[in-house]
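If you're wondering where the values come from, they're calculated on a predicted model, not measured in any experiment.
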Amino acid sequence: AHTCPTPSPQELEEARRWEGARDVRPLDGNVRRWGGLLLPNKPPYNTGAFRFELTFSPNHPLEPPCATLRTPIYHPSVDPKGRVCQPLTTQVHWEPTTRAIQVLQDLLLQLDSPDPQRVLRPDVARELQEHPEEFWRRAEEHTRLHAEPRPDP
C-alpha cells in the first residue's frame, strides 16, 4: 500500500526541542498540521508569544509546507489573515530536503527582522521605511494587545 509521506516523528521531535518554539504538536492528531507558539527574540515582538500553524502538503516533501500565524501581528511580511511571505517555502526555493524545523527557524528570523522587501502589507512596510519610530510603537502596542503571554522557560 502506498502511504502518503508525512513529516517524520524525528522532525516533530526536533521542532519540539528547539528553543524558538513551545508546545509544538500535531493538531487534532493530524500529523500534517502542526501547531505551537513561536517566541521571537527581538523587540517589539519578544514580549509575547505567537501561535502558528504549519500545514504540510499531501505531496510532502516535494511541495513546501505553509506557515500561518494564528495570533495577529503588526508586521510587513504577515497579512491580516496570518499568511506569511516566506521565500523559503515558495516553489522556486523549496528543497525536498528542507526540514520542518528550518521552516520554523526561518519564520522566527523573519519575525525578528522585519524586511520592507518581503511585503504582504505595503502600508506597514512603507511606515517601517518612512516612519520607523511610529512602526515600532504600533508593533509594540499591537503585541501587548494581541500576543499570548510567553510561557516560562
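Distance check: Leu109 CG to Gln102 CD gives 12.5 Å after rounding to the nearest 0.5 Å. Here Leu107 contributes atom CG and Leu69 contributes atom CG; the two are 5.5 Å apart, rounded to the nearest 0.5 Å. In this structure, the separation between OG1 on Thr47 and CZ on Arg150 is 7.5 Å, given to the nearest 0.5 Å. With rounding to the nearest 0.5 Å, the separation of CD in Glu13 from CD1 in Ile101 is 10.5 Å. If you take CG on Leu38 and OG1 on Thr71, they are separated by 9.0 Å, rounding to the nearest 0.5 Å. Remark: Arg33 CZ to Cys66 SG distance equals 11.5 Å, nearest 0.5 Å.
Criterion: ILVMFWY side-chain heavy atoms under 4.5 Å apart, direct or through other members. Under it, Trp18 and Val31 are not part of a common hydrophobic cluster. Val103 and Leu37 are assigned to two separate hydrophobic clusters, defined by single-linkage of ILVMFWY side chains at heavy-atom distances under 4.5 Å. Following chains of ILVMFWY side-chain contacts shorter than 4.5 Å, one can reach Phe52 starting from Leu88, so the two form part of one hydrophobic cluster. Val78 and Val119 sit in two unconnected hydrophobic clusters of ILVMFWY residues. Membership requires side-chain heavy atoms under 4.5 Å apart, directly or through other members. Cluster annotation: Tyr45 and Leu39 are assigned to distinct hydrophobic clusters (Ile/Leu/Val/Met/Phe/Trp/Tyr, side-chain heavy-atom contacts under 4.5 Å, transitive).
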Under the criterion side-chain contact (heavy atoms from CB on, under 4.5 Å), I'd like the reasoning laid out for Gln10 against Arg99: C-alpha separation, chi angles, the key distance, then a yes or no. CA-CA 10 Å; Gln10 289 85 347; Arg99 299 176 72 80; 4.2 Å; yes
Can you list the steps and then say if Asp115 with Gln110 is a side chain to side chain donor-acceptor pair (under 3.5 Å)? CA-CA 8 Å; Asp115 178 357; Gln110 208 165 320; over 6 Å; no
Step-by-step side-chain contact (heavy atoms from CB on, under 4.5 Å) determination, Arg25 to Arg16: CA-CA 8 Å; Arg25 60 176 194 281; Arg16 292 180 69 99; 3.8 Å; yes
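The only option from Lys81, Arg70, Arg32 that meets the salt bridge (charged side-chain N to carboxylate O under 4.0 Å, His left out) definition with Glu53 turns out to be Arg70.
Gln86 is not listed as a side-chain neighbour of Arg118, based on a closest heavy-atom distance of 4.5 Å or more. When side chains are defined from C-beta on, Pro114 counts as touching Trp136, because their heavy atoms get closer than 4.5 Å. Counting heavy atoms from C-beta outward, Ser57 and Trp94 have side chains that stay 4.5 Å or more apart.
Between Arg51 and Asp23, at least one side-chain nitrogen of the basic residue sits less than 4.0 Å from a carboxylate oxygen of the acidic one, meeting the salt-bridge criterion. By the 4.0 Å N-to-carboxylate-O rule, Glu134 lies close enough to Arg137 to be salt-bridged with it.
At least one donor-acceptor pair closer than 3.5 Å links the side chain of His93 to the backbone N or O of Pro87. Between the side chain of Asp79 and the backbone N or O of Gly82, at least one donor-acceptor pair lies under 3.5 Å.
Nearest heavy-atom pair across Ala147 and Gly48 is CB-CA, 3.8 Å. Nearest heavy-atom pair across Pro64 and Thr90 is CG-C, 4.4 Å. Nearest heavy atom pair, residue Asn30 against residue Pro26, reads O-CB, 3.4 Å. Minimum heavy-atom separation, Pro44 to Thr143: O-OG1, 3.5 Å. The minimum heavy-atom distance linking Phe50 with Pro72 is given by the pair CE2-O, 3.7 Å. Residue Leu27 comes nearest to Gly35 through the heavy atom pair CG-N, 3.6 Å, listed as atom of the first residue, atom of the second, then distance.
For the residue pair Asn41/Asp112, the side-chain donor-acceptor check at 3.5 Å is satisfied.
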Show the atom names and distances, to 0.1 Å, of all donor-acceptor pairs under 3.5 Å that link a side chain in residues 120-130 to residues at least two apart or in another chain.
residue : atom : partner : partner atom : Å
Glu127  : OE1  : Tyr74   : OH           : 2.7
Glu127  : OE2  : Arg138  : NH1          : 2.8

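Every residue meeting the side chain to side chain contact (heavy atoms under 4.5 Å, CB included) condition with Pro7, not counting sequence neighbours, appears here in chain and number order: Glu11, Trp34, Phe56, His60.
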